[in-house]
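Scroll down for the structure; my scribbles are underneath it.
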Amino acid sequence: MLYLVAAIIGAVVPGPSDPDNSTKTREVLLVSGPIHYDLLLPLDAVTTARFAPLTETGVDLSHPAAKWLIIGWGAQEFYAQTPTYRDLSFSTLWRGIIGDSSVLRADIVGTLRDDLPLRRLKLTESEYIKLIENIVADLDLDADGLPLRLEGAGFTQTDGFYRTKGRFNILRTCNVWIGEQLRAAGLRFGLWTPMPLSVSLSFDLYQGE
């Protein structure tokens, strides 16, 4: 109960940001799942060029049917090794609570279904570039400068999991990471957003139309 109350307060109290008052010409989507949000970035020239190393490591951004790049973040064992909730073990859950290495999941998708639970974020060109750069900067790289992909991990035939900097724990969840990325891009958003409810509430307060 205390965690829930704190998650609501953290969503309502805005974190530090540096808003850009230019015209908002870009759109990024937030799509909610049972326990976390993913970012959907349009596969335009900017996104495709900046995330080109993903194509070199197996996520084909140049696929003719691809229109969006899905980005998610989470605990390595919980996220990358638990394709369904039936595969969830107590040890995996406990490791996510106390701390685990973090990973980023990238996937491509074409035309979106009409029934997807989407929230639409409006960004300026500067905010859009910052968001992309911050996500790319979070990736761990190998000696050749390519993202470190987890071998054998994936949910679809087109996705990939990549090692990232920082760690996951109950205080820095996948939804907290979403808030961090949006604030770092300059958007006004909640100070601490550990739950999907937190992201939804903060979006409706500060980014809803």
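For clarity, every value in this text was computed on a predicted model and none was experimentally measured. Both backbone and side-chain heavy atoms feed into the values below; hydrogens, waters and symmetry mates do not.
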Output side-chain donor-acceptor pairs under 3.5 Å for residues 8-20, partner residues at least two apart or in another chain, one line each.
from: D20; atom 1: OD1; to: S22; atom 2: N; distance (Å): 2.9
from: D20; atom 1: OD1; to: S22; atom 2: OG; distance (Å): 2.8
from: D20; atom 1: OD2; to: T124; atom 2: OG1; distance (Å): 2.9

**OP:** Start with the C-alpha gap between I132 and F51, add the side-chain angles, then the distance that decides, and say whether side-chain contact (heavy atoms from CB on, under 4.5 Å) holds.
**Re:** CA-CA 8 Å; I132 291 175; F51 285 98; 3.6 Å; yes

Subject >> Closest approach of S202 to T193 (non-hydrogen atoms, all atoms of both residues) >> reply: CB-CG2, 4.3 Å

Subject >> From L123 atom CG to E125 atom CD, the distance as rounded to the nearest 0.5 Å >> reply: 10.0 Å

Subject >> Within-4.5 Å side-chain heavy-atom neighbours: N175 and S198 >> reply: no

Original post:
Can you get from L54 to V136 by hopping between Ile, Leu, Val, Met, Phe, Trp and Tyr side chains that sit under 4.5 Å apart?
Top reply: yes

**OP:** Tell me whether V28 is reachable from L112 by hopping between hydrophobic residues (I, L, V, M, F, W, Y) whose side-chain heavy atoms are closer than 4.5 Å.
**Re:** no

Original post:
Who pairs with R172 by side-chain contact (heavy atoms from CB on, under 4.5 Å), at least two apart in sequence or on another chain?
Top reply: W73, N169, V176, W177, E180

**OP:** Looking only at non-hydrogen atoms, find the nearest pair between W68 and P42 and report the distance.
**Re:** CE3-N, 3.5 Å

Subject >> Residue pairs, two or more places apart or on separate chains, that pass side-chain hydrogen bond (donor to acceptor under 3.5 Å, both in side chains) and touch residues 27-44 >> reply: R26-D44, E27-R120, E27-K122, H36-D38, Y37-R119, Y37-S200, D44-T47, D44-Y128

Original post:
Roughly how far, to the nearest 0.5 Å, is the OG1 atom of T57 from the CG atom of L150?
Top reply: 11.0 Å

Original post:
Judged by atom type as modelled, is there a donor-acceptor pair below 3.5 Å linking the side chain of T164 to the main-chain atoms of D138?
Top reply: no

Subject >> CA sep, side-chain torsions, deciding dist, call: S101, R167, side-chain contact (heavy atoms from CB on, under 4.5 Å) >> reply: CA-CA 5 Å; S101 300; R167 291 180 64 79; 3.8 Å; yes

Subject >> Distance (rounded to the nearest 0.5 Å) between L201 CG and M195 CE >> reply: 11.5 Å

Original post:
So, for G74 and C174, which heavy atoms are closest and what is the spacing to 0.1 Å?
Top reply: CA-CB, 4.4 Å

Original post:
Are L29 and I135 linked, directly or through other ILVMFWY residues, by side chains that come within less than 4.5 angstrom of each other?
Top reply: no

Original post:
So, does D204 use its side chain to make a donor-acceptor pair with the main chain of G208 at under 3.5 Å?
Top reply: no

Original post:
Judged by atom type as modelled, is there a donor-acceptor pair below 3.5 Å linking the side chain of T173 to the main-chain atoms of P194?
Top reply: yes

Original post:
Judged by atom type as modelled, is there a donor-acceptor pair below 3.5 Å linking the side chain of D100 to the main-chain atoms of E77?
Top reply: yes

Original post:
With sequence neighbours left out, what residues match T156 under side-chain contact (heavy atoms from CB on, under 4.5 Å)?
Top reply: R105, D107, T158, D159

Subject >> Pairwise ring-ring contact (aromatic ring centres under 6.0 Å, His included) hits with a residue in residues 3-22, at least two apart >> reply: Y3-W192

Original post:
Partners of A66 by side-chain contact (heavy atoms from CB on, under 4.5 Å), sequence neighbours excluded?
Top reply: L43, H63, I108

Subject >> Positive for side-chain contact (heavy atoms from CB on, under 4.5 Å) with R113, one of T111, V109, D115 >> reply: D115

Original post:
Quick one: CG on L182 to CZ on F189, what's the gap to the nearest 0.5 Å?
Top reply: 5.0 Å

Subject >> Working for side-chain contact (heavy atoms from CB on, under 4.5 Å), residues L40 and L69 >> reply: CA-CA 6 Å; L40 270 68; L69 173 62; over 6 Å; no

Original post:
What is the minimum heavy-atom distance between A184 and N134, and which atoms define it?
Top reply: CB-ND2, 3.2 Å

Original post:
Going only through I, L, V, M, F, W and Y residues with side-chain contacts under 4.5 Å, is there a path from I70 to L104?
Top reply: no

Original post:
Is the side chain of K165 donor-acceptor paired with the backbone N or O of A137 at a distance under 3.5 Å, no angle test?
Top reply: yes

Subject >> side-chain contact (heavy atoms from CB on, under 4.5 Å) evaluation trace for F78 with I35 >> reply: CA-CA 12 Å; F78 186 98; I35 60 173; 3.5 Å; yes

**OP:** Over all heavy atoms of both residues, which pair between I71 and A106 is shortest? Give the atoms and the distance, please.
**Re:** CD1-CB, 4.2 Å

Subject >> Straight-line distance of R163 CZ to D140 CG, nearest 0.5 Å >> reply: 8.0 Å

**OP:** Consider only side-chain heavy atoms of I, L, V, M, F, W and Y, link residues closer than 4.5 Å, and tell whether V31 and L121 are in one cluster.
**Re:** no

Subject >> Heavy-atom pair of closest approach, residues R188 and Q207 >> reply: O-NE2, 2.8 Å

**OP:** Ignoring hydrogens and angles, tell me if any N or O in the side chain of S102 forms a donor-acceptor pair with the backbone of F168 under 3.5 Å.
**Re:** no

